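Everything on this sheet refers to the single structure shown next.
Ligands are counted one by one from 1 in listed order, and the atoms in each one are counted from 1 as well. Note: hydrogens, waters and symmetry copies are ignored here, and every other heavy atom, side chains too, is used. Everything numeric here is computed off the predicted structure, so don't read it as measured data.
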Amino acid sequence: MSAVWLTLAVGVLAGAGGLLYFQILRPYLRMRESLRQLASRNFPGMPLPSATGLFKGPAGDIRRISDHLRSLDRQMADEGFSLQAILSSMVEGVFIADRSRKIRLVNNALLTLLGLKVSPLNRPVIEVIRRHELQNALESTLATGTPQEIQIVMEVPAASGGYELKHLNIHISSLAPHQQIHPNAVLVVLHDVTVLRKLEARQRELLSNVSHEFRTPLAIINGYVETLADGASSDPAMLEQALGVMHKNARRLTLLIDDLLTLSSLEERTKLLRFQPVDLRQILAGTLDHLASDISAHGTHILLDWPEDATPAEADARRMEQVFSNLIENALRYGAGKNPTLRISAERLENKIHITFSDNGPGIPLGDQAHIFERFYRVHKDRSRHAGGTGLGLSIVKTIVEAHGGQITVQSSPGAGATFFVTLPINQETVFSSGQ
Ligand code: ADP
């Protein structure tokens with residue numbers, strides 16, 4: 001009998017133990033494991049608890065929390081990805097600084113823009129960009145939430161070594177949740193406007209040069225008009241002189257306008273140039289013909305060495321004539337000395353033609369040689385003006401040669417003449433395909 005009771009008791013105990021294990025201990029252990037995984041943010045790998053009875057409710061809650069966290073996690077990953085994608089595709093330098101004034105997020109463009117070798121992450125803004133204007137603007141946005149825009153010029157390490165000046169437009173905006181007044185952080189966007197500023201400076205310089213060049217002939221014409229209006233027109237000698245001077249100055253203004261129009265139209269290379277197979281030697285012969293009376297007036301001796309194989313090229317015939325004409329006119333104007341001689345030679349080397357214009361005049365001082373291709377640069381202003389020069393001839397020549405994919409350089413030992421070297425590609429296809 002006692003054995004029966006014992007067996008019964010063991011059975012009851014085993015049943016209760018099983019019930020305890022399956023209904024309480026196992027769901028509990030599973031829920032614990034799920035919560036542990038949840039705490040360590042392992043949403044994808046976590047086992048989801050399933051339970052009936054006592055733990056049914058809590059297990060359902062854990063599932064819902066886990067689903068919610070999973071979707072939040074996915075959303076954050078997507079947002080992070082698109083933020084990174086946006087930041088890295090921006091040409092502007094971008095960083096985010098928090099209330100401790102330290103940089104917390106940055107894109108690659110910022111490192112390139114500021115020439116930074118190491119990431120500025122977690123460093124104070126003032127340490128990375130040492131400009132009090134930026135610091136003040138940053139403080140203002142952090143204090144009031146109002147966006148700021150400033151312009152600074154700063155020296156940054158150049159990729160090629162040394163330093164370069166960068167003009168930066170900087171926009172600072174607040175990052176504040178729910179339109180809170182005091183932002184938690186600021187977003188700073190740096191636009192590199194160096195090229196734009198240089199272009200503006202060049203335009204200002206050009207405008208002031210053009211005004212200056214126009215002023216003198218206009219003042220002379222005005223002066224003579226006033227003199228004639230005051231009665232001098234009744235004096236035939238005076239009238240003749242006045243008309244002569246006015247005509248000369250009006251011609252100078254026309255030449256200036258022509259040269260300026262040529263330069264501005266040449267700025268659009270492909271639209272303007274008409275490349276076709278040409279005979280360079282024939283173009284030169286035509287140019288020499290046009291300038292024949294000028295050449296004989298200066299008593300300049302022309303020596304020509306132009307072999308047959310250096311003759312054909314793909315070029316804009318009208319523009320090439322302008323190049324030859326400007327270089328020859330300069331040699332006549334400035335290269336005149338005893339026994340003035342101009343040697344013009346050409347040589348074909350592989351797919352290029354090298355043309356040389358070498359005079360035996362006084363040459364060009366070393367310090368001026370680097371500048372003579374700039375607009376309105378003249379070594380002797382009066383000599384150039386007196387000879388009818390506009391100061392634009394060589395910059396037109398350089399623009400045309402470069403638009404052909406070629407180069408022009410000068411070599412001169414003062415007192416021993418000047419030599420201009422023009423290199424032209426024979427085929428324009430090679431120019432375009434090599435991306436020059
Ligand atoms: P310009 O209208 O004054 O001739 P260019 O641009 O053609 O303008 O030339 C710029 C300056 O370069 C000239 O004013 C002159 O001082 C100098 N120069 C050009 N060619 C020669 C040369 N062959 N010999 C000496 N100086 C020259």
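- Residue Y377 has no N or O atom closer than 3.5 Å to an N or O atom of ligand 1.
- Remark: E205 does not engage R202 in a salt bridge, criterion side-chain N to carboxylate O under 4.0 Å.
- Here the shortest heavy-atom distance to atom 3 (O) of ligand 1, taken over A418, G389, S384, belongs to S384.
- Some N or O of V379 is nearer than 3.5 Å to an N or O of ligand 1, by distance alone.
- Interface atoms of ligand 1 facing I364, defined by a heavy-atom separation under 4.0 Å, are 25 (C), 26 (N), 27 (C).
- Counting heavy atoms under 4.0 Å from ligand 1, residue L394 touches it through both backbone and side chain.
- The shortest heavy-atom distance from A387 to ligand 1 is not under 4.0 Å.
- Between L394 and L327 there is a side-chain heavy-atom pair separated by less than 4.5 Å.
- By the criterion of a heavy-atom distance under 4.0 Å, neither the backbone nor the side chain of V397 is placed next to ligand 1.
- Of the N and O atoms on the side chains of Y334 and D359, not one donor lies less than 3.5 Å from an acceptor on the other residue.
- Nearest-heavy-atom check against atom 19 (C) of ligand 1 across T419, N330, L255 picks out N330.
- For P365 against V379, the heavy-atom pair with the smallest separation is CD-CG1, 3.9 Å.
- A heavy-atom distance below 4.5 Å is found between the side chains of P157 and Y163.
- The atoms of ligand 1 that sit less than 4.0 Å from any heavy atom of T390 are 2 (O).
- Between the side chains of N122 and R104, a donor-acceptor pair is found at a separation under 3.5 Å.
- The closest approach between G391 and ligand 1 falls below 4.0 Å for a heavy atom of the residue.
- In this structure, R343 places its CZ atom where only 12 or fewer heavy-atom neighbours from other residues, nucleotides or ligands lie under 6.0 Å away.
- If you check which protein heavy atom lies closest to atom 23 (N) of ligand 1, you get D359 OD2, 2.8 Å.
- With respect to D61 and R64, a salt bridge is recorded, a charged nitrogen being found less than 4.0 Å from a carboxylate O.
- Residue contacts with ligand 1 for R333 involve side-chain atoms from C-beta outward but no N, CA, C or O (heavy atoms, distance under 4.0 Å).
- H132 and Q135 are not linked by any side-chain donor-acceptor pair at a separation below 3.5 angstrom, with hydrogens and angles left out of the test.
- A ring-centre distance under 6.0 Å is found for H404 and F275.
- When only non-hydrogen protein atoms are considered, atom 4 (O) of ligand 1 lies nearest to Y334 OH, 2.6 Å.
- Around the CD atom of Q411, the shell of radius 6.0 Å holds no more than 12 heavy atoms that belong to other residues, nucleotides or ligands.
- Near G363, the atoms of ligand 1 lying under 4.0 angstrom from a non-hydrogen atom of the residue are 25 (C).
- No heavy atom of R385 sits closer than 4.0 Å to any atom of ligand 1.
- Protein heavy atom at the shortest distance from atom 12 (O) of ligand 1 is I372 CG2, 3.5 Å.
- At a 4.0 Å cut-off, not a single heavy atom of N326 sits close enough to ligand 1 to count as contact.
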